[in-house]
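Right, one structure below, let's go through it.
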Amino acid sequence: MKVSLLGDSRHAEWSEYVNSRPAATFYHRVEWKGVMERNFGHKTYYLMADDDGVRGILPLVFLQSRLFGSILCSMPFLNFGGVVADDPDAEAALLEEATSLVRSLNADYMELRHLEQSTASLPTKLHKVSMTVDLNPDPAVIWDAYKSKHRREIRKAMKSGMVYSRGGLPLLDDFFEVLSRGWRELGTPIYRKSFFRDVLVSFGDDVQISIVHYNGTPVATAFDGYHAGTVEGMWTYARRDFSGLEPNYLLYWKLIEQACLRGYRVYHLGRSTAGSTAEVFKRKWLAVSKQLYWEYVLRHGSDLPALEVSNPKYRMAMAVWRKLPLKATCRLGPYFSRSIP
């Protein structure tokens with residue numbers, strides 16, 4: 001078994017492997033390599049295991065920061081990633097090479113965000129879940145399965161005068177306006193708008209922005225990826241100052257309805273913290289909590305990292321961020337967000 005770094009001449013092989021393996025996801029696609037390098041300046045280490053053909057892959061991104069340390073991650077800024085392998089031997093070879101990278105790069109730790117737990121018995125955190133909806137070609141089947149109160153909330157949103165639309169680059173400004181406001185409210189630094197533009201250009205028709213407008217004002221948005229029968233909800237937000245109109249109810253129903261009509265089988269409504277209000281809200285849409293496994297290779301006998309919004313260490317900084325003007329958070333946000341996986 002040979003493990004090597006992905007070279008430009010083998011991008012097609014990587015893509016073929018991702019497209020042929022059910023365990024591979026939208027986040028394993030090779031386009032992310034260039035997106036990470038161009039927009040954040042991070043070094044990437046895309047590992048391939050070979051033995052008479054590709055037997056496994058592991059995309060890794062190396063983040064270095066004085067504030068948050070040096071982190072080798074699969075995949076940062078996204079819901080999950082990690083190892084995809086044909087068998088335990090290929091998985092072991094990839095993890096062995098990745099562990100060697102942790103040492104050679106002098107990284108503080110490696111974080112692998114897995115949909116399925118590896119066989120390596122690594123230290124693991126279970127604080128995140130993927131909210132998953134099983135779709136149906138007929139959206140009426142989904143609609144009829146909702147509770148009557150939930151259907152009333154959707155009808156209320158439909159009658160409020162809000163308008164749903166979907167597309168690509170022409171909707172980027174409205175998407176960014178909603179998301180940047182939302183992330184400031186959450187105390188979270190935003191990425192550059194050019195990052196989202198690059199994702200739209202790199203993935204073409206396999207990504208989509210959805211927007212809900214009210215009297216011409218964007219009030220809710222989602223940014224989704226499409227791969228192998230699955231919709232990946234990556235970024236979404238609804239403005240709190242329009243919460244009385246329930247824009248999230250119109251947005252989520254239209255997203256699910258369109259996914260059904262386009263023949264997709266599964267919708268990942270993004271990851272959520274286990275037990276959070278976000279998890280409770282997504283359950284209303286028939287989403288089931290699917291456990292995510294964040295596995296770690298640690299150095300120096302250190303404890304599991306706590307780079308999370310629930311960490312009291314970051315609460316004061318988040319409170320200050322919420323009070324900054326929007327222009328300031330959009331200008332300063334990219335300097336911090338590039339280092340927060």
Side-chain angles (χ1 to χ4, degrees), residues 26 79-80 115 127-167 171 174-175 178-179 181-183 185-186 207-215 217-227 229-292 309:
F26 181 72
N79 289 329
F80 36 82
L115 266 173
H127 62 305
K128 295 293 183 180
V129 293
S130 175
M131 303 303 295
T132 302
V133 179
D134 289 329
L135 301 174
N136 190 289
D138 182 1
V141 174
I142 304 290
W143 177 268
D144 290 342
Y146 292 150
K147 293 181 179 180
S148 58
K149 180 181 178 181
H150 188 59
R151 292 197 296 268
R152 286 197 300 270
E153 295 286 358
I154 300 171
R155 291 193 188 100
K156 175 184 174 183
M158 288 177 170
K159 296 176 181 178
S160 66
M162 293 184 293
V163 177
Y164 169 84
S165 58
R166 57 191 176 95
L171 297 179
D174 285 351
F175 161 80
V178 176
L179 196 72
R181 287 175 178 272
W183 283 23
E185 291 173 357
L186 294 172
V207 290
Q208 175 186 280
I209 290 174
S210 295
I211 297 282
V212 172
H213 287 92
Y214 181 67
N215 291 337
T217 299
V219 296
T221 190
F223 196 126
D224 292 338
Y226 298 84
H227 175 79
T230 298
V231 185
E232 295 290 351
M234 292 186 286
W235 302 288
T236 185
Y237 203 80
R239 289 179 54 170
R240 293 176 180 175
D241 49 340
F242 287 87
S243 60
L245 296 173
E246 302 287 12
N248 252 344
Y249 282 85
L250 178 59
L251 176 67
Y252 271 75
W253 170 243
K254 287 297 184 180
L255 290 171
I256 291 171
E257 180 184 48
Q258 290 297 320
C260 290
L261 293 173
R262 292 172 65 180
Y264 286 88
R265 301 185 300 274
V266 174
Y267 204 136
H268 290 151
L269 297 179
R271 72 170 189 254
S272 299
T273 300
S276 66
T277 55
E279 180 184 11
V280 173
F281 175 76
K282 291 172 184 177
R283 284 187 182 277
K284 295 181 179 181
W285 302 93
L286 307 182
V288 176
S289 301
K290 181 175 176 58
Q291 182 67 60
L292 295 178
V309 296

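Given the structure is predicted, the values throughout are model-derived calculations rather than measurements.
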To the nearest 0.5 Å, how far apart are [atom1] in [X] and [atom2] in [Y]?
X: E153; Y: M158; atom1: CD; atom2: CE; result: 12.5 Å
X: E257; Y: I154; atom1: CD; atom2: CD1; result: 10.0 Å
X: K282; Y: N248; atom1: NZ; atom2: CG; result: 9.5 Å
X: H268; Y: F26; atom1: NE2; atom2: CZ; result: 13.0 Å
X: T236; Y: I209; atom1: OG1; atom2: CD1; result: 11.5 Å
X: K159; Y: L250; atom1: NZ; atom2: CG; result: 13.5 Å

Less than 4.5 Å apart, side chain to side chain, heavy atoms only: is that true for [X] and [Y]?
X: D224; Y: L255; result: yes
X: T132; Y: L269; result: no
X: F281; Y: M131; result: no
X: L179; Y: F223; result: no
X: P139; Y: I256; result: no
X: H213; Y: D174; result: yes
X: R181; Y: R239; result: yes

Honestly, is R262 close enough over Y226, meaning NZ or CZ under 6.0 Å from the six-membered ring centre and within 45° of the axis?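 Geometry flag: set, cation within 6.0 Å and 45°.
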Angle between ring planes, Y249 versus H150, binned at 30° and 60°: parallel, tilted or perpendicular?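 Because their plane-to-plane angle lies in the 30° to 60° range, the rings of Y249 and H150 count as tilted.
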Considering non-hydrogen atoms only, spot the tightest contact between [X] and [Y] and give its length.
X: P247; Y: V219; result: CB-CG2, 3.9 Å
X: G225; Y: V207; result: CA-CG1, 4.2 Å
X: V129; Y: A274; result: CG1-CB, 4.3 Å
X: R166; Y: Q258; result: NH2-OE1, 2.9 Å
X: V133; Y: W285; result: CG2-O, 3.6 Å

Donor-acceptor check, side chain of [X] to backbone of [Y], threshold 3.5 angstrom: yes or no?
X: K156; Y: E246; value: no
X: N79; Y: G233; value: yes
X: T221; Y: S210; value: yes

Could you check F80 against E232 for side chain to side chain contact (heavy atoms under 4.5 Å, CB included), going step by step and ending with a plain yes or no? CA-CA 10 Å; F80 36 82; E232 295 290 351; 3.6 Å; yes
Listed by chain and number, what are the salt bridge (Lys or Arg N to Asp or Glu O under 4.0 Å) partners of R265, not counting sequence neighbours?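 Not a single residue meets the salt bridge (Lys or Arg N to Asp or Glu O under 4.0 Å) criterion with R265.
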By salt bridge (Lys or Arg N to Asp or Glu O under 4.0 Å) - contacts of R151 (at least two apart):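 Here no residue qualifies.
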So if I apply the ring-ring contact (aromatic ring centres under 6.0 Å, His included) rule between W253 and each of Y164, W143, Y267, which one comes out positive?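 With W253 as partner, ring-ring contact (aromatic ring centres under 6.0 Å, His included) holds for just one option, W143.
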Can a donor-acceptor pair be found between the side chains of S272 and K128 at a distance below 3.5 Å?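 Looking only at side-chain atoms, K128 and S272 do not form any donor-acceptor pair under 3.5 Å.
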Pair R283 + E279, salt bridge at N-O below 4.0 Å: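 Looking at R283 and E279, the cut-off is met.
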Where do F242 and M162 land on the side chain to side chain contact (heavy atoms under 4.5 Å, CB included) test, with the steps shown first? CA-CA 11 Å; F242 287 87; M162 293 184 293; over 6 Å; no
Intermediate values then yes/no, side chain to side chain contact (heavy atoms under 4.5 Å, CB included), V266 and L135: CA-CA 5 Å; V266 174; L135 301 174; 5.8 Å; no
